[in-house]
Protein chains: 2
Amino acid sequence: MSKTLPLLSSGPSERADAARNRSALLDAAAELMAGCGVDALTMDAVAARAGVGKGTVFRRFGSREGLMASLLDHREAEWQASVISGPPPLGPGAAPMERLLAFGASRLRLHLDQGALIEAAGRTWGENYAVLGFAAMHVRLLLTELGVQGNLHYLATALIAPLSVPVLRQQIGVGHMSEEQVLAGWEELVRKVVA
Amino acid sequence: MSKTLPLLSSGPSERADAARNRSALLDAAAELMAGCGVDALTMDAVAARAGVGKGTVFRRFGSREGLMASLLDHREAEWQASVISGPPPLGPGAAPMERLLAFGASRLRLHLDQGALIEAAGRTWGENYAVLGFAAMHVRLLLTELGVQGNLHYLATALIAPLSVPVLRQQIGVGHMSEEQVLAGWEELVRKVVA
DNA sequence: GATCAAAACGGACCGTGGTCCGCTTTCATT
DNA sequence: AATGAAAGCGGACCACGGTCCGTTTTGATC
């Protein structure tokens with residue numbers, strides 16, 4: 001996650017031109033992606049569209065994966081906000097089990113919607129502590145509230161794992177499950193773990 | 001999975017020169033990888049070492065990922081064989097629960113050992129029906145024997161998901177779990193699902 | 001063993017991600 | 001406002017994955 005994620009940001013501030021270019025690059029990337037899809041997005045095109053040199057793109061985002069991760073930050077921050085303070089059942093106010101099932105459904109949708117982008121972001125996104133860490137923390141908390149016994153940290157990551165993009169792609173694309181079947185299966189898994 | 005996997009192979013046979021080159025390329029790749037690691041392996045280097053043109057490498061394996069997948073085929077085939085007909089508790093002869101736990105431990109080891117190669121093989125390997133499909137089928141069978149109720153196909157894939165390379169890397173690398181903790185956690189998960 | 005179509009070969013060529021380094025901009029300090 | 005060092009900039013340059021197509025090899029058939 002980069003400085004663009006409000007949840008974690010701050011830092012020693014960015015020079016004015018740098019901030020302007022970062023924003024221009026993110027806009028350019030989003031526009032190009034909307035037109036051509038994730039895979040056809042080239043760094044040269046982004047730089048050209050934003051009216052900056054290619055080197056600038058790499059200084060700001062480190063790599064293509066880093067740029068993709070920054071594009072995801074937006075969506076992820078919104079999602080995290082809706083978990084922390086959005087309306088129930090995803091947000092606080094609902095019973096733990098309801099929240100947990102809403103979490104699964106919501107995460108499933110997010111991963112299906114942003115799948116291509118998430119895969120394009122690769123490890124930069126996938127091994128980011130702030131992303132999986134937040135989800136794991138949340139699930140762990142809900143499991144605690146549900147009175148589940150055992151290594152809750154592990155169980156939380158294990159419940160999140162079947163919602164990951166590669167697994168979903170395998171289940172839906174190769175295994176020919178429907179989205180509903182996957183969600184129903186996950187709920188069944190959760191109930192067995194919680195029971 | 002490619003023609004090199006005995007479990008699935010045959011086909012209308014390969015011309016003698018093609019077979020010779022395939023074998024030479026796999027050897028060259030394995031040797032270079034042993035020396036320089038997975039990431040430093042370039043297609044040009046493999047071609048040069050095998051004494052063939054670059055085009056030949058791509059005709060045989062399709063892509064870099066395809067070459068990596070072919071290198072994995074060997075190990076995967078051995079592993080599948082040990083599940084199907086190796087000694088207990090991984091192979092037949094042990095009680096279903098023992099076999100299931102042995103499956104987890106074995107798969108965990110395989111993924112930790114071959115992690116870099118598996119990631120380098122990307123979707124070519126990861127979405128391969130013959131790989132995840134075999135594991136899912138096996139787990140599904142064991143769950144049946146254990147009398148588990150529900151959507152066993154989904155539960156099988158959900159139990160395999162936490163053993164995937166990205167999840168393991170996250171748990172061990174970022175979350176600072178030990179290999180033993182991960183395995184213990186997975187066993188706990190299995191017992192909750194089976195119970 | 002001659003013939004020939006299909007298969008395979010090789011390496012020049014291309015696009016893209018990523019680096020490098022000399023020049024320019026910013027901004028804190030005075 | 002002048003100054004200077006740090007931060008940023010740009011685009012030429014490089015390495016590597018992947019493609020293309022004219023040439024060569026193979027092996028089935030006669």
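Only a predicted model underlies this, so the values are computations on that prediction, with no experimental measurement involved. Residue numbers begin at 1 in each chain, while the letters A, B, ... track the order of the sequences.
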Atom pair distance, as rounded to whole Å: CG in A/Leu25 and C1' in D/dG10
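Answer to the nearest Å: 13 Å.
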I'd like to compare against my own output: the B/S/- annotation of nucleotides 24-30 of chain D with a strict under-4.0 Å heavy-atom distance to protein.
-BSS---
If a protein heavy atom is under 4.0 Å from the base, mark B; if only from the sugar-phosphate, S; if neither, -; do that for nucleotides 16-22 of chain D going 5' to 3'.
SBBB---
Could I get the full list of ring-ring contact (aromatic ring centres under 6.0 Å, His included) partners for A/His138, not counting sequence neighbours?
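A/His138 satisfies ring-ring contact (aromatic ring centres under 6.0 Å, His included) with A/Phe103 only.
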Residues which pass side chain to side chain donor-acceptor pair (under 3.5 Å) with [X], listed by chain and number, not counting sequence neighbours:
X        : result
A/Asp17  : A/Arg15
B/Thr56  : none
B/Ser164 : none
A/Glu31  : A/Arg49

I want to check one thing: is the phosphate of C/dA8, taken as OP1 and OP2, less than 4.0 Å away from some side-chain N or O of B/Arg60?
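Yes, B/Arg60 has a side-chain N/O under 4.0 Å of OP1/OP2 on C/dA8.
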Considering just the side-chain nitrogens and oxygens of B/Thr56, establish if one lies under 4.0 Å of OP1 or OP2 belonging to C/dG10.
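B/Thr56 to C/dG10 OP1/OP2: side-chain N or O found under 4.0 Å.
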Hey, could you give me each pair passing salt bridge (Lys or Arg N to Asp or Glu O under 4.0 Å) that has a residue in residues 158-172 of chain A? Not counting sequence neighbours.
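Residue pairs with at least one partner in residues 158-172 of chain A: A/Glu119-A/Arg169, A/Arg169-B/Glu127.
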Suppose we screen for side-chain contact (heavy atoms from CB on, under 4.5 Å). Which residues come up paired with B/Asp113, at least two apart in sequence or across chains?
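If we apply the side-chain contact (heavy atoms from CB on, under 4.5 Å) test to B/Asp113, skipping adjacent residues, the hits are B/Arg109.
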Same apolar cluster: A/Leu72 and A/Leu32, side chain cutoff 4.5 Å
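Yes, it is one cluster - the side chains of A/Leu72 and A/Leu32 are joined through contacts under 4.5 Å.
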